[in-house]
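Here's the structure we're looking at; comments come further down.
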Amino acid sequence: MRSILAASDANLNRIYEAEAYGPLPHENNYWRTTFDAPHFPALASDQTCDIAIIGAGYTGLHAALRLAGEDVVVLDTHQPGWGASGRNGGFCCLGGAHADDADIAKMFGASDAASWAQTQRASVDHVDQFLQDHSLDVDRHSDGETILAHTPKAFAGLQHEQAWIKDTYGIHAPLYSADAMIDQGMCASVNAKQPGFVGALTIPVGFALNPLKYASGLANAVAKSGAKIHGDSPVINAEYKDGLHVLRTPQAILRAKKVIFATNGYSRDNLPKQLKKRYLPVQSNILVTRPLTEDELAAQGWTSRQMCYDTRNLLHYFRLLPDNRMLFGMRGATSASPDAFAAAEAATRQHFETMFPAWSHIGTPYFWSGLIAGARNFVPFAGPLPELPNAYAAMCYHGNGVAMGSYCGKLIAEKLLDQPHATTAPDFLDQPLAAFPFGRYRRHILPLLYRWYSFQDGP
Ligand SMILES: Cc1cc2nc3c(=O)[nH]c(=O)nc-3n(C[C@H](O)[C@H](O)[C@H](O)COP(=O)(O)OP(=O)(O)OC[C@H]3O[C@@H](n4cnc5c(N)ncnc54)[C@H](O)[C@@H]3O)c2cc1C
């Protein structure tokens, strides 16, 4: 009886249809076929700990790793990496905000903007260091990220960005003309009428990885560090009682002095109620081809191993995986019904064929989707939750959380330990999340927003 109530309660407090939180969007995820992920047992009996972490993605797991030596228990509804951390495109790169640098400087001041730039760089270094420290093989490739300009105006923007990268990080980011892109093995169409991009910029910071291998390796490192991880343990109710956070799962109760909510796009509006209306989950989709032959690569003129995305607001992201499969991602549907999922697959396939016409006949046996989250002020949050003692959250990386989510996990752990200055970070990450309009119907602003972005992006 309790779990039936919990399920309907969950649906009332979730922003998408129940399918978004179930197996459908995840079952055809290519990463799941690349190795055997570890399995962590459910919380089977009532327990007490000092620090509970809800969510075993990059955020929750990096928080747990930073808290090594403390009495920590991590709970996840499914298994580590079941959320976006095991479904993403594997671009470990600068980013994390939807606001651009000029807007961040306007909103929070020059000092926070400068700190934010260094934080982004530090987040990539943080993942790199973790992988080295733990000798993790996560199928890395790509020397930084390459941005493809779809219009002359966007190319001018990349020239500006090149100067910004030099000023900010002191590194040279090479620009490529349309002709130079051909030499780099980067031939793709902007649309049916424009058979090439205007130019490109490579920012030599970051690398691509297999995201689920990273999440699983991270979970193993956390378990080795002494923290307990329990999969298959959804927290169906959280309340603060007599100085303890009481976290109820279907099988058992965990009581903790402190808690970190690391649930990002899979959050619920009542867990805790301080998050109500304050994050906007958005779907993103990925398809993966079968391995392409050398002749097929040559036919399209795409042989680059760079992880790439285009300059559209509604951007496409893509990279040739080490075994010559092409990974191609873009925004998802604004509904999570099975029909919307099927339509999203068809739309993603159509965009893929438009950009890579020589591969129109190539099968794409893998397609999946997942939830990211955004904040109303377009910057991430990593701080204490207002009006809930000893409770913290880190979330809203705007689809760029491989590096930033990992870093914010570490950061939120340091805030909990009262060591807020141990890690570079701008003050605005602490600013409480603001409420979106339209409450639990807030995702319905997305179709309008997408139409506006699409109009701005052009054909
Ligand atoms: C298709 C796709 C492509 C992407 N591509 C990129 C990319 O290339 N580069 C990049 O930087 N970012 C990318 N992202 C975004 C990135 O994956 C996320 O920002 C990042 O993984 C967020 O990590 P997280 O740990 O905060 O959240 P998640 O990984 O989503 O983890 C949240 C966890 O919380 C658990 N949970 C939720 N509620 C409860 C509860 N009540 N009880 C217990 N557990 C609960 C969930 O089961 C889940 O495992 C992409 C995302 C998607 C979906």
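Going from atom CG of Asp430 over to atom CZ of Phe381 covers 7.0 Å, rounded to the nearest 0.5 Å. Here OH of Tyr453 is found 4.5 Å from CG of Leu449. Values are rounded to the nearest 0.5 Å.
Although no hydrogens or angles enter the test, the distance criterion places no donor-acceptor pair under 3.5 Å between the side chain of Arg312 and the main chain of Asp457. For His398 (side chain) and Cys396 (main-chain N/O), a donor-acceptor pair under 3.5 Å exists by modelled atom type.
Between Asp71 and Lys228 no salt bridge is recorded (no basic side-chain N to carboxylate O distance below 4.0 Å). Salt bridge status for Lys166 with Glu161: absent, with no side-chain N to carboxylate O gap under 4.0 Å. At a threshold of 4.0 Å, the pair Arg140-Asp128 counts as salt-bridged, since one of the basic side-chain nitrogens sits closer than that to a carboxylate oxygen.
Counting heavy atoms of neighbouring residues, nucleotides and ligands inside a 6.0 Å radius, atom CD of Gln419 exceeds 12 of them.
Under a cutoff of 6.0 Å and an axis angle of 45°, Arg32 and Trp82 do not form a cation-pi pair. Phe367 does not carry Arg349 over the face of its six-membered ring by the limits of under 6.0 Å from the centre and within 45° of the normal.
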Worked verdict on Asp139 versus Lys213 for salt bridge (charged side-chain N to carboxylate O under 4.0 Å, His left out):
CA-CA 9 Å; Asp139 308 330; Lys213 281 191 182 172; 2.9 Å; yes

Test log, rule side chain to side chain donor-acceptor pair (under 3.5 Å), inputs Thr289 and Thr364
CA-CA 4 Å; Thr289 67; Thr364 45; over 6 Å; no

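In the model, Asp143 has no side-chain atom that pairs as donor or acceptor with a side-chain atom of Gln306 under 3.5 Å. Between the side chains of Tyr30 and Arg325, at least one donor-acceptor pair of N or O atoms lies under 3.5 Å. Side-chain contact annotation: Asp310 with His150, donor-acceptor N/O pair under 3.5 Å absent. Using modelled atom types, one finds a donor on one side chain and an acceptor on the other under 3.5 Å when comparing Thr423 with Lys410. Looking only at atom types and distance, the side chain of Thr59 has a donor-acceptor partner in the side chain of Tyr397 under 3.5 Å away. For the residue pair Ser337/Glu19, the side-chain donor-acceptor check at 3.5 Å is not satisfied.
Checking Arg442, Lys277, Arg440, Lys276 one by one against Asp269, the side chain to side chain donor-acceptor pair (under 3.5 Å) holds for a single residue, Arg442. With Tyr366 as the partner, the side-chain contact (heavy atoms from CB on, under 4.5 Å) test is satisfied by one option alone out of Thr33, Ile286, Leu287: Thr33.
His78 and His26 have their aromatic ring centers separated by at least 6.0 angstrom.
Ring pair Tyr266/Tyr21 is perpendicular by interplanar angle, where above 60° counts as perpendicular and below 30° as parallel.
No side-chain heavy atom of Tyr392 sits under 4.5 Å from any side-chain heavy atom of Val259.
Take Glu145 and apply the side-chain hydrogen bond (donor to acceptor under 3.5 Å, both in side chains) test, not counting sequence neighbours, and it matches Tyr309.
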